[in-house]
Structures are given as C-alpha cells and as structure tokens.
Amino acid sequence: MSVLSLRVLILLLFHIKQSFCDPRATEAALVCGNRTAEPSDRQVFVANFLAAMDAISPAVSRQRYGVITNGTGNNTVYAFGECIKDLSQNDCNLCFAQCKTSILRCLPFQRLTKGGRLFYDGCYLRYDDYMFFNESLSSVDRTVCGSDDFVGNRSLFRESVLELVRNVSDEGPKNDGFFTGFVNKGNLTVYGLGQCWEVLNRSDCVKCLENGVSRIGSCPPKVEGRVLNAGCYLRYSTTRFYNNSASDAPSGSGGGSHRRATILASTCGAIACLLFIAAISLFARKKIVKKRREKKQLGALLAIVTRSKTNFSYETLEEATNYFHNSNKLGQGGSGSVYKGILPSGQTVAVKRLFFNTTQWADHFFNEVNLISDINHKNLVKLLGCSITGPESLLVYEYVPNQSLHEYLFVRKDVPRLGWEERYKIILGTAEGLDFLHEKSNLRIIHRDIKLSNVLLEEDFTPKIADFGLARMFPEDKTHISTAVAGTLGYMAPEYLVRGKLTEKVDVYSFGVLVIEVVTGKRVNAFSQNSHSILQKVWNLNCSGKLIEAVDPSINGKFPVEGAIRMLKIGLICAQATAELRPSMSTVVKMLIGDQEIPRPKQPPFLSSSSSGEGSSVEVINRFTQTATYFSRPDSYTESSGNEITESSIIPR
Ligand SMILES: *[C@@H]1O[C@H](CO)[C@@H](O)[C@H](O)[C@H]1NC(C)=O
Ligand SMILES: *[C@@H]1O[C@H](CO)[C@@H](O)[C@H](O)[C@H]1NC(C)=O
Ligand SMILES: *[C@@H]1O[C@H](CO)[C@@H](O)[C@H](O)[C@H]1NC(C)=O
Ligand SMILES: *[C@@H]1O[C@H](CO)[C@@H](O)[C@H](O)[C@H]1NC(C)=O
Ligand SMILES: *[C@@H]1O[C@H](CO)[C@@H](O)[C@H](O)[C@H]1NC(C)=O
Ligand SMILES: *[C@@H]1O[C@H](CO)[C@@H](O)[C@H](O)[C@H]1NC(C)=O
Ligand SMILES: *[C@@H]1O[C@H](CO)[C@@H](O)[C@H](O)[C@H]1NC(C)=O
Ligand SMILES: *[C@@H]1O[C@H](CO)[C@@H](O)[C@H](O)[C@H]1NC(C)=O
Ligand SMILES: *[C@@H]1O[C@H](CO)[C@@H](O)[C@H](O)[C@H]1NC(C)=O
C-alpha cells in the first residue's frame with residue numbers, strides 16, 4: 001500500500017470520527033431532586049419513568065427535543081430532553097442515549113428521587129413529578145466554573161467574557177433561542193454559546209439568559225464557565241467547543257486544559273450491571289402490562305431459590321457486611337454499592353447491593369444468576385449466589401483483593417507500576433477467561449463489556465473477569481443475535497455499535513482495545529478531542545514499523561522487544577474493524593503463548609465504510625429508541641449519593 005493511500009485512509013478515519021463521534025457527552029452537572037417516592041409508589045413511578053424514557057428518544061431523534069408525560073396522579077412522570085442545536089443529529093442521539101443512562105443515578109431504589117436533571121455539554125434531560133416545562137429559573141440552578149485560571153491579562157479576559165455572554169444572551173432569543181459567538185482580542189479568544197430549551201417562550205428565554213449573564217460573571221478568570229438553569233444553558237470557554245462549521249472562527253486557543261474526571265472506584269463495573277438491571281426492569285414492566293401472574297410464579301420461584309445452593313439469607317449477608325457499614329464499602333456506582341463481607345464460614349466475599357428491587361424481574365434475574373453460578377474458571381470472578389427475598393436484592397461474589405486493572409493502571413498512585421511480566425500474565429489470563437466463556441464452557445457466553453475496570457486482580461496479579469451483568473447466552477442455532485446495544489463506548493466493536501450485531505468477535509474487539517491500553521499504559525477515551533487517539537497512534541506506529549515506541553515508558557525498557565511487538569500486534573489484530581478479520585479467542589491464546597504465527601494487521605480499528613457510514617448509524621439510534629438501550633459512560637463517572645441534591649461533577653475541558 002502506498003504512503004498516499006495510507007494517508008487518505010487515515011484522513012478518512014479522522015473524518016469519520018469527527019462527524020460520527022463528538023456528542024459532547026461530558027457531564028456538566030447532575031442534580032437529583034429531594035422528594036422521594038413513597039415505598040408503595042416506587043414500582044409505579046419507575047415503570048412510568050421508564051415508559052417516559054422510552055417515549056422521549058424517538059422524539060429527540062425526530063425533532064431534537066422531546067416533551068413527555070406518562071402516568072397519573074402522584075406518580076405522573078414529566079420528562080423533557082433536548083440537544084444543543086449545533087450538534088449533528090447523530091451526535092445528538094448518541095449524547096442523549098448516554099444522558100438517559102446516566103440519569104438513572106437519581107433513581108436508587110432505596111431512596112428514589114422524583115426528580116432529576118442531567119446537563120451534558122451536548123444535551124439535557126430532566127424528569128420530575130410535576131409540570132415543569134415552563135420553568136425558566138429554579139432554586140437548584142447551577143453555575144459551574146472550570147478549574148483552570150486564565151493566563152494573561154485577566155481584566156481584559158473578564159471584560160471579553162462579559163461582553164460575549166451579553167451578546168449571546170441578547171441574540172439568543174431573537175434566533176430561535178440559540179446563539180454562538182466569540183470575541184477575539186489580540187491573542188485572546190473566548191467562545192460562547194447560549195440556548196433556551198424549546199418549550200420556553202421568548203420572554204422567558206430572555207429572562208433565563210439574563211439571569212445566566214448575571215451569574216456567569218462569577219467564573220472569570222476561570223477559562224470555562226457554565227450556567228445550568230431550568231430553562232436554558234449558557235457557556236463560555238477559551239476552547240472552541242461548539243460546531244459552527246459555517247463561521248470562520250479562529251481555531252486554536254489558549255487554556256486548553258486536560259479533562260479531569262472524578263473517577264469513582266468500583267470493583268464491579270457497576271454501570272454495566274445498571275444497564276442489565278435497567279433492561280430487566282423494562283422487561284418486567286412489559287410483563288406487568290401483559291400478564292398478571294406474578295404472584296403465583298413468584299411463589300414457585302421462591303421455592304426454587306430457597307432450595308438452591310445459591311441462596312443466601314438477607315440476614316446472613318447483613319451481618320457479614322456489618323450491616324453494610326461504610327467501612328466495608330469497596331466501591332459504589334450506578335447500580336448500587338459493593339461491600340466486603342465475611343460469611344459465618346469465614347469466607348470473604350463481595351456483596352453487591354442493587355438499586356431496583358422489583359420482584360417482577362426476580363425470575364429473570366435468578367436465571368442469570370443460575371447460569372453464571374455454574375461457571376467456574378480461574379480467570380472469571382465467581383458469582384457465589386444471591387439473595388432476593390429480603391428488603392433488597394443482593395449479589396454475592398468471590399472477593400478479589402487487588403481491585404481492578406483500571407484502578408491499578410490509572411488511579412492508584414500508591415502501587416508500583418506494573419512490570420512486563422505482570423502485564424503479560426494479565427493479558428494472557430484475560431484471554432483464557434474469555435476463551436472459556438466463548439468456547440470452553442458448555443454455554444456460549446458473550447461478556448459484552450470487557451474493559452479495564454471489569455478485570456480484577458488477585459494479589460499475584462491473576463486477572464479475573466468480573467461483571468457478567470451484560471453477559472448473554474448465545475442461542476445454539478444462530479450465528480449472531482441482534483440485541484439492544486449496551487456496553488462502553490470506546491470498547492465497542494463497530495458492527496455492534498452500529499448494527500447491534502453480537503458475536504464473540506465483539507468481545508475480541510474489546511479485548512484488543514484492552515491489550516493496547518495495558519501495553520501502552522494509556523486509556524482509550526471515546527470522547528476526547530482526538531478520539532481513539534491511542535488506537536490510532538498504535539496503528540500508525542505499526543504502519544511505520546516503529547511499534548516499539550508505543551510501549552508504556554514506565555516499564556523503563558525492561559521488556560522483551562519481540563514480545564512487546566507481538567503483543568501490540570495481537571491487540572491490533574483483535575481490534576480490526578471488520579469482525580471476520582478478528583481471530584477467535586482460542587487463536588489469540590495460542591498467539592500469546594507463541595504457538596501460532598501472528599498475521600499482519602490488515603485494518604485499523606473503526607475503518608469500515610459499511611459499518612461507520614452515516615446511514616447505518618441511524619440504525620443504532622433506532623435501536624436506542626425501540627428497546628431500552630443504554631450507553632454507559634466510559635468508565636469514569638461521578639458518584640451520586642442519591643441523597644438530597646447531589647453535588648455536581650465538573651469536568652473542565
Ligand atoms: C427541597 O429543595 C428545595 C430547593 O432547594 C427546598 O426549597 C425545599 O425546602 C427542599 N425540601 C425538602 C423537603 O428538603
Ligand atoms: C405511558 O406508557 C405506557 C407504556 O408505554 C403507555 O401504554 C401509555 O399509553 C403511556 N401513557 C401516557 C399517558 O402517555
Ligand atoms: C398525593 O400525595 C399527597 C401528599 O404527597 C397526598 O396527600 C395525596 O393523597 C396523594 N394523592 C393520591 C391520588 O395518591
Ligand atoms: C456541524 O454542523 C453542521 C450543520 O450545522 C452539520 O452538518 C455537521 O455534521 C456538524 N458537525 C459536527 C461534527 O457535529
Ligand atoms: C411565557 O410563558 C410564561 C409562563 O408559561 C407566561 O407567564 C408568559 O405570559 C408567557 N409570555 C408570553 C409573551 O407568551
Ligand atoms: C406551559 O407551556 C405549555 C406549552 O408547552 C402551555 O400549554 C401552558 O399553558 C403553559 N403553562 C403556563 C402556566 O404558562
Ligand atoms: C499573549 O498571551 C500571553 C499569555 O499567554 C501574554 O503574556 C502576551 O502578552 C500576549 N500577547 C499579546 C500581544 O497580547
Ligand atoms: C489589560 O487590559 C486592559 C484593558 O482591558 C488594559 O487597560 C490594561 O493595560 C491591560 N493590562 C496589561 C498588563 O496589559
Ligand atoms: C454580537 O453579535 C452581533 C450579531 O451577530 C455581531 O454582529 C457582533 O459583532 C457581536 N459582538 C461581539 C462583541 O461578539
């Protein structure tokens with residue numbers, strides 16, 4: 001292949017990434033309400049909430065905003081969602097899909113709040129139990145400033161910001177409630193954007209943005225500021241963050257700070273589990289509508305569970321975890337908290353407390369538990385059992401002491417950097433675990449959410465794949481199944497992301513991404529400005545024959561050169577865009593132990609016109625809207641306690 005065609009290829013790749021994947025799905029603030037549902041109402045409220053969420057996506061993907069009401073009386077759910085107007089429709093849908101997932105953090109079952117707002121930089125979603133659509137201002141409106149100070153003439157900066165937001169706020173209401181602009185003074189440029197939500201009338205829009213202007217003035221000299229009101233969104237930044245392809249705004253600017261995300265420790269990739277639960281709850285909801293035979297069924301189910309070896313009593317687990325004492329907490333995330341517990345037998349376990357606790361889904365849940373509890377492999381976290389009869393649902397897992405690979409590589413500063421031997425061991429073990437799931441167990445199981453935070457480490461660095469929440473058994477007679485897309489952006493194979501086509505090769509792709517992350521010591525970030533930069537970089541280095549430069553410098557050159565190159569090639573081969581080109585996991589294991597030649601990677605990740613084209617991405621979106629499909633954020637997210645008004649998370653860019 002000539003250098004020229006390679007260039008074209010790479011340009012194309014950039015182009016695809018640009019137009020397909022900058023949904024600005026970074027969280028600006030999550031605000032959960034402070035009214036909670038009565039225990040007796042929770043089930044109905046959740047059902048109405050899910051129905052509203054179901055109904056809102058088609059509206060957003062049709063007209064970029066949606067206004068939905070579902071339910072009656074005190075359990076009515078009002079929902080509103082809208083995208084920022086400069087976003088392309090695809091990005092709008094992607095942003096919104098993520099937003100929908102993340103807002104579930106306001107709905108922990110124990111303290112289910114009847115209201116929540118989630119501001120992303122590309123879209124907005126709010127639900128409440130009252131008619132709020134005409135609200136322009138409220139008492140929980142936020143002003144969120146960035147963390148970095150402007151370097152340069154501060155008074156000039158401040159002046160410029162104020163002038164800009166004033167202009168944006170004046171022009172917005174005249175321009176359909178949306179305006180972007182910038183000021184440029186010498187080498188100082190500030191960009192601004194203001195948008196009123198679609199349902200606001202003009203006078204309320206003026207009121208809302210005026211209020212924003214008066215409050216955003218508290219942000220300079222920070223390089224970034226946002227006002228997040230009930231009725232509008234106002235933002236300035238020294239980085240050009242919006243898409244005004246029409247205007248010739250100067251590009252490049254100072255103050256570009258790295259995004260910093262609050263990273264939440266989570267032993268069990270809790271978001272993945274959340275997805276599973278959301279899907280199950282939805283399933284359950286459909287069942288309520290269809291048939292009312294739970295009572296009888298539940299009785300039978302409980303009898304089975306009680307006899308089962310996987311049954312734990314609630315009381316036992318309560319005592320094991322010292323009544324879910326905070327000091328026993330290992331992590332918390334979207335689906336609930338994980339606690340360390342010691343069973344009466346002396347065995348140490350990890351107990352996961354789940355949010356949603358409707359008995360309707362208990363039988364499905366139990367099927368899953370039953371399925372997984374039969375699986376036994378040294379590289380898979382063992383699910384020991386569950387408890388569904390108590391006041392909340394609990395899952396009991398084998399305890400893995402060393403936390404996740406993600407923690408180890410990117411969060412903890414108190415541990416020595418992983419050496420080559422350990423990295424090799426982790427990659428090989430993960431491959432063996434996956435191989436087992438795919439081929440060696442009696443069931444064909446696809447994990448669907450392989451990523452760093454789902455690989456836990458033993459003390460001796462034996463890896464254990466966790467969180468089978470998303471795992472699906474593979475029907476014998478089908479080569480692939482179409483499914484609601486779930487998983488983590490950045491790790492998802494193109495054919496799965498776009499068409500929902502699920503085969504073992506989806507796990508192979510994620511595994512390839514993971515290998516590259518482990519060897520390079522860099523994270524894949526689906527939403528950074530140069531998305532997929534690390535995959536891209538490794539691919540480029542491979543093309544120029546300098547693969548060795550990609551190896552994590554913190555290994556200090558203490559690694560076998562041949563071995564490292566082989567490993568990166570395996571990563572690239574697994575992460576090829578076309579599923580058919582990827583090897584099976586059993587082949588990968590052979591390559592890793594040196595029993596098989598490693599072919600040349602033919603294709604970079606994410607390059608396949610048939611799977612990344614605009615047309616087919618619309619299919620993804622349809623899939624979002626038809627089934628309860630939730631994207632999870634890449635594995636950093638902020639904690640929501642579900643108590644009172646939740647602290648916002650600020651992710652300056
Ligand atoms: C809920 O929050 C609102 C707004 O901050 C406040 O006015 C109200 O008193 C709170 N209600 C309760 C019960 O805490
Ligand atoms: C609420 O959602 C359910 C389930 O989708 C639907 O059948 C019902 O018509 C909706 N109710 C309203 C008032 O939209
Ligand atoms: C709605 O809630 C209020 C108090 O929150 C209660 O007084 C009223 O009876 C409830 N209405 C219905 C229909 O449940
Ligand atoms: C930018 O906006 C134009 C139209 O306003 C749209 O066609 C294009 O897809 C957008 N680009 C991105 C990256 O969102
Ligand atoms: C705009 O809406 C608000 C609240 O819904 C209402 O009070 C106001 O009269 C409306 N203004 C106009 C000009 O329609
Ligand atoms: C709120 O807005 C809706 C339209 O979205 C309108 O029909 C209704 O009258 C408004 N309510 C008030 C109190 O202004
Ligand atoms: C450009 O910005 C730097 C700080 O980044 C400042 O020191 C310098 O004076 C500025 N130059 C002009 C011409 O404004
Ligand atoms: C900063 O800008 C102001 C104008 O806003 C100007 O009067 C002042 O001299 C500048 N200061 C410096 C140190 O350049
Ligand atoms: C304010 O907006 C108007 C209308 O687009 C534009 O002509 C003007 O230059 C802007 N001024 C500033 C300082 O951005």
Side-chain angles (χ1 to χ4, degrees), residues 41-60 62 65-81 100 107 114 126-138 141 149-166 172-174 176-177 183-190 196-211 217 220-221 223 229-232 236 238 254-255 278-292 358 360-361 484 624-630:
D41 285 347
R42 283 175 191 166
Q43 220 148 291
V44 180
F45 191 84
V46 168
N48 293 343
F49 168 82
L50 290 170
M53 290 300 115
D54 251 7
I56 202 165
S57 294
V60 169
R62 198 172 56 244
Y65 73 94
V67 187
I68 303 292
T69 307
N70 195 296
T72 54
N74 281 355
N75 288 317
T76 310
V77 172
Y78 299 84
F80 174 78
K100 233 170 69 170
L107 290 152
K114 295 170 86 170
R126 174 174 178 188
Y127 75 92
D128 240 310
D129 64 342
Y130 69 95
M131 218 294 279
F132 62 83
F133 303 137
N134 305 348
E135 226 174 79
S136 53
L137 301 172
S138 75
D141 291 343
D149 284 325
F150 177 76
V151 181
N153 188 338
R154 287 193 179 185
S155 62
L156 183 63
F157 177 67
R158 190 185 157 75
E159 255 171 46
S160 311
V161 167
L162 292 180
E163 183 186 333
L164 173 69
V165 292
R166 156 72 36 216
K174 297 181 209 156
D176 244 0
V183 279
N184 187 348
K185 291 190 178 158
N187 62 2
L188 176 163
T189 312
V190 192
C196 289
W197 306 134
E198 194 68 32
V199 278
L200 237 56
N201 64 26
R202 189 157 162 178
S203 54
D204 279 350
C205 178
V206 169
K207 190 169 101 189
C208 187
L209 287 172
E210 286 291 326
N211 169 278
V223 294
N229 281 350
C232 61
Y236 79 81
T238 53
I280 298 276
S281 325
L282 198 89
F283 204 92
R285 178 184 56 78
K286 283 195 178 135
K287 275 188 65 176
I288 304 173
V289 178
K290 276 183 187 161
K291 285 170 193 167
R292 300 191 168 274
T358 61
Q360 280 85 3
W361 56 267
F624 289 160
T625 57
Q626 283 158 12
T627 50
T629 301
Y630 298 98

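Note that the coordinates shown come from a computational prediction; the quantities given were computed from them, not determined experimentally. All ligand and atom numbering here is 1-based and tracks the order in the structure.
Numbered from 1 in the order shown, with element, the atoms of ligand 5 that lie under 4.0 Å from a heavy atom of Ser203 read 1 (C), 11 (N), 12 (C), 13 (C). Counting the atoms of ligand 2 from 1 in the order shown, those under 4.0 Å from a heavy atom of Asn70 are 1 (C), 2 (O), 3 (C), 8 (C), 10 (C), 11 (N), 12 (C), 14 (O).
Judged by distance alone, the side chain of Asp141 and the main-chain N or O of Ala230 form a donor-acceptor pair under 3.5 Å.
With a heavy-atom cut-off of 4.0 Å, Thr69 touches ligand 2 through its backbone alone.
Using a 4.0 Å cut-off between charged nitrogen and carboxylate oxygen, Arg158 and Glu163 do not count as a salt-bridge pair. We find that Asp128 and Arg126 are joined by a salt bridge, their nearest charged nitrogen and carboxylate oxygen being less than 4.0 Å apart.
Residue Asn201 holds the heavy atom nearest to atom 1 (C) of ligand 5 of all those in Val206, Asn134, Val199, Asn201.
For atom 4 (C) of ligand 8, the nearest protein heavy atom (residue, atom name, distance) is Leu156 CD1, 4.0 Å. Of all protein heavy atoms, the one lying nearest to atom 9 (O) of ligand 8 is Asn153 ND2, 4.7 Å. In this structure, atom 5 (O) of ligand 8 lies nearest to the protein heavy atom Glu159 OE2, 3.2 Å.
Taking the six-membered ring for Trp, Tyr127 and Phe49 have ring centres closer than 6.0 Å.
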- Could you walk me through whether Cys208 and Cys196 pass the disulfide bond (SG atoms under 2.5 Å apart) test, one step at a time? CA-CA 8 Å; Cys208 187; Cys196 289; 5.5 Å; no
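For atom 7 (O) of ligand 8, no protein non-hydrogen atom is found at a distance below 4.0 Å.
Asn74 and Thr76 form no side-chain donor-acceptor contact under 3.5 Å, judged by distance and modelled atom types alone.
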